[in-house]
Amino acid sequence: MIRAYSRSNPPIEGFLLYQDMRHRGLHADRLSLSFVIKCFVRVSSLMGGVQVHARILRDGHQSDSLLLTNLMDLYSLCEKGNEACKVFDEIPQRDTVAWNVLISCFIRNHRTRDVLGLFDAMVNGEFGCEPDDVTCLLLLQACANLGALEFGEKVHCYIQEHGYGDAMNLCNSLVAMYSRCGCLDKAYGVFKSMRNKNVVTWTAMISGLAMNGRGREAIEAFREMQRVGVLPDYQTFTGVLSACSHCRAGELDRAYQVIMSMEVKPDSTIWRTLLGACRIHRHVTLGERVVGHLIELKAQEAGDYVLLLNIYSSVGNWEKVTELRKYMKEKGIQTTAGCSSIQLNGEIHEFVVDDVSHPRKEEIYDMLNEINKQLKIAGYVVEITSELHNLGAKEKTYVLSYHSEKLAIAFGVLATPPGTTIRVAKNLRICVDCHNFAKFLSGVYNRDLIIRDRTRTSFSLQCNDQSISTGHTNGLNLGLFGDIWLKSYWDEVGRFCEMGKAVTSISQGQKGETRSKQLLCETSSPV
DNA sequence: CTAGGGTTAG
């Protein structure tokens, strides 16, 4: 019965059942306890975790790997990474699943880089168990987050050598990983080789094309998906929308109207995509309105306010910047620290702004200062509107000079032979100034740069003596995409909305909570 | 009396 509750129904009732059981003097065995933990996992209840933890110890289950891994997962879900690690230390026999839970915990709790070392140790037999398909799945996620292409390729080899090569979930992750590392040809290679493709496969490819600035192909892939009869869901929709928002020339008000007129209720991702476009096009009033919608959905994140700050500063409205900063401070809104990473000889190097933790920090700062000097000669000017604090121009220039991505790029220039492509991954959105910096650097230092951030990958490629870059709309890039398809874009969105209705009616006929249903049928009553 | 098990794709 508790198991039944752990799978459906309001999960907390599973715990009530368990308490009732104890009141009746019945002893809960380990499996009942594991289902109780599952109930708490479903609601991410830290309090529940603490209670059941105590119960595990009191009932003498302190060496039960099933219960302990279960509990770890709960702590890790509640962002209590340290607690989860402590529990892990208590597991006497750690099998692959236990390690997998630890890996998943690290990925969730911002220790992604450590995961790569764990994989290596596991492959080398240091843990007495081998990586399985789930380990590989987790590792691909980690590589995608870090933009760690080399390591991702290593995992790919492992997958093939161990007979997991046909697994659909792994192949889907491979498509995503290669896309997010800016390697579209490899992503497409995996995609093409797959015999069966589901909505996840197609969405990975569409989003991959979108985030790499290949809007037209993203839409072509979207059409092809429909042609072969795969139904899109809300993530597909977001991919298509982002394909267009990174390179469309304005028309945001129309986008807003289309979203508002959708039969289905738009979710936070869609609003956020539009908000990103508002920043690119400096559309203040619409940006404010979109944030209003996010607040209404109770879905606003620190990053959304930062985007709004960006919009205000890009039009020089410092009063609004100050006002919003004050509001954020009052509300205790914490922003995520920006972090950039670069892979070198199998090792990941991470940087935060003004980072001084790297062993080669002196060389890196010298290199960065030298680069700044060279780029200035080439005509690079710091884009001070990228700095969101109300400082003087001089201070702004200084603060912007040591952004984490610049440190990572300087390290790349320093530590790789001339001509090597530099790949950097960033956890947040890259700022306009750093983008310009990369573009100039590409020309001056004759390097191809591929920078992946939270929403897309931008390329600064050195071709025909002319530095070009994509992925960012600052007036220079639009030509790359051509614009014929942009004109037909809104017709496409209109058709998509029609299809949204179709998906709604299909989802309503299905049991279970599919995510498409969550988006498309938020107004309908639960099954 | 037994059975019920932990990680996991865009």
Side-chain angles (χ1 to χ4, degrees), chain A residues 1-7 14 28-41 49 52 56 61 64-77 84 87-88 91 93-108 115 118 122 129 131-145 152 155 159 164 166-180 187 190-191 194 196-211 218 221-222 225 230-240 242-243 269 514-516 519:
Chain A
M1 195 60 191
I2 297 177
R3 179 168 56 99
Y5 272 103
S6 74
R7 286 182 184 162
D29 63 7
R30 54 192 287 270
L31 281 165
S32 314
L33 268 176
S34 96
F35 296 130
V36 171
I37 301 174
K38 263 240 144 23
C39 291
F40 289 134
V41 164
V52 82
I56 286 170
H61 298 301
D64 190 309
S65 65
L66 164 69
L67 289 180
L68 295 184
T69 47
N70 233 327
L71 188 63
M72 272 180 76
D73 195 41
L74 179 52
Y75 278 130
S76 116
L77 209 63
V87 174
F88 179 79
I91 301 176
Q93 280 182 328
R94 295 163 195 157
D95 56 7
T96 302
V97 179
W99 284 104
N100 287 348
V101 178
L102 185 73
I103 288 171
S104 136
C105 171
F106 279 0
I107 293 175
R108 273 187 202 139
V115 162
L118 287 182
M122 215 163 162
C129 58
D132 64 2
D133 52 337
V134 177
T135 321
C136 294
L137 215 45
L138 290 164
L139 258 294
L140 290 177
Q141 264 188 41
C143 293
N145 289 343
V155 177
I159 288 169
Y164 301 130
D166 290 330
M168 172 121 79
N169 52 358
L170 283 171
C171 289
N172 292 342
S173 283
L174 281 168
V175 173
M177 184 275 291
Y178 280 128
S179 301
R180 296 191 63 192
V190 175
F191 175 82
M194 291 172 70
N196 300 311
K197 301 182 179 75
N198 62 9
V199 62
V200 179
T201 322
W202 282 100
T203 306
M205 199 63 241
I206 291 168
S207 310
L209 288 162
M211 76 176 78
F222 176 57
M225 173 183 127
V230 175
L231 275 180
D233 67 8
Y234 89 97
Q235 297 206 47
T236 325
F237 181 80
T238 308
V240 174
S242 83
T269 323
T514 61
R515 299 186 76 168
S516 62
L519 168 80

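Throughout, a chain's letter reflects where its sequence line sits, starting with A, and its residues are numbered from 1.
Distance from the side chain of A:Val134 is smallest for B:dT8 among the nucleotides B:dT8, B:dG10, B:dG5. Comparing B:dT8, B:dG5, B:dG6 by their closest approach to the side chain of A:Asp95 singles out B:dG6. Taking every side-chain heavy atom of A:Thr69 into account, B:dG6 is the closest of B:dG6, B:dG5, B:dG10. Of all nucleotides listed (B:dT7, B:dG10, B:dG5), B:dT7 comes nearest to the side chain of A:Val97. Closest to the A:Thr203 side chain, of the nucleotides B:dG10, B:dG6, B:dA9, is B:dG10. Among B:dG4, B:dG10, B:dT7, the nucleotide with an atom closest to any side-chain atom of A:Leu31 is B:dG4. Closest to the side chain of A:Asn198, out of B:dG6, B:dG10, B:dA9, is B:dA9.
At the heavy-atom level, A:Val101 lies under 4.0 Å from the strands shown only through sugar-phosphate atoms. At the heavy-atom level, A:Ser65 lies under 4.0 Å from base atoms of the strands shown. Nucleic acid contact for A:Asp133: none, since no nucleic acid atom lies under 4.0 Å from a heavy atom of the residue. Counting any heavy atom pair closer than 4.0 Å across all strands shown, A:Val175 reaches no nucleic acid atom. In this structure, A:Ser173 reaches the sugar-phosphate backbone alone: every heavy-atom distance under 4.0 Å involves primed, P, OP1 or OP2 atoms, never a base.
Using a 4.0 Å cut-off, some side-chain N or O of A:Ser104 falls inside it from OP1 or OP2 of B:dT8. Note on A:Lys38: a side-chain N or O is less than 4.0 Å away from OP1 or OP2 of B:dT7.
Rounded to whole angstrom, the span from the CE atom of A:Met168 across to the P atom of B:dT8 amounts to 19 Å. Summarising the geometry, the separation between CG on A:Leu138 and C1' on B:dT8 is reported as 6 Å, rounded to the nearest angstrom. Note: CG (A:Leu118) to C1' (B:dT7) measures 14 Å, nearest angstrom. At whole-Å resolution of the value, CG in A:Leu67 and P in B:dG4 are 17 Å apart. Nucleotide B:dT7 holds its P atom 9 Å from the CZ atom of A:Arg108, rounded to whole Å. Taking atom CZ on A:Phe88 and atom C1' on B:dT7, their separation rounds to 12 Å, with Å as the unit. Rounded to an integer number of Å, the gap from CG of A:Asp233 to C1' of B:dG10 is 8 Å. Rounding to whole angstrom units, CG of residue A:Leu68 and C1' of B:dG5 are separated by 14 Å.
Here the CD1-CG distance, from A:Ile91 to A:Leu68, works out to 5.0 Å after rounding to the nearest 0.5 Å. To the nearest 0.5 Å, the span separating CD1 on A:Ile103 from OG1 on A:Thr96 amounts to 9.5 Å.
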Would you give me the side-chain donor-acceptor pairs under 3.5 Å for residues 201-209 of chain A, sequence neighbours excluded?
unit_1, atom_1, unit_2, atom_2, d
A:Thr201, OG1, A:Asn172, OD1, 2.8
A:Thr201, OG1, A:Asn198, N, 3.0
A:Thr201, OG1, A:Asn198, O, 3.4
A:Thr201, OG1, A:Asn198, OD1, 2.8
A:Thr203, OG1, A:Val199, O, 2.6
A:Thr203, OG1, A:Thr236, OG1, 3.0
A:Ser207, OG, A:Thr203, O, 2.8

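In this structure, A:Val115 and A:Leu138 have side chains that are not in contact, with every pair of non-hydrogen atoms separated by 4.5 Å or more. Between A:Val230 and A:Lys197, the closest side-chain pair of non-hydrogen atoms is not below 4.5 Å.
With hydrogens and angles left out, the side chain of A:Asn70 and the base of B:dG5 share no donor-acceptor pair within 3.5 Å. Judged by atom type and distance alone, A:Asn100 does not reach the base of B:dG6 through any side-chain donor-acceptor pair under 3.5 Å. Checked by distance alone, A:Asp64 brings no side-chain donor or acceptor within 3.5 Å of a matching partner on the base of B:dG5.
Residue pairs satisfying the salt bridge (charged side-chain N to carboxylate O under 4.0 Å, His left out) criterion with at least one member in residues 66-77 of chain A, sequence neighbours excluded, are listed as follows: A:Asp73-A:Arg108.
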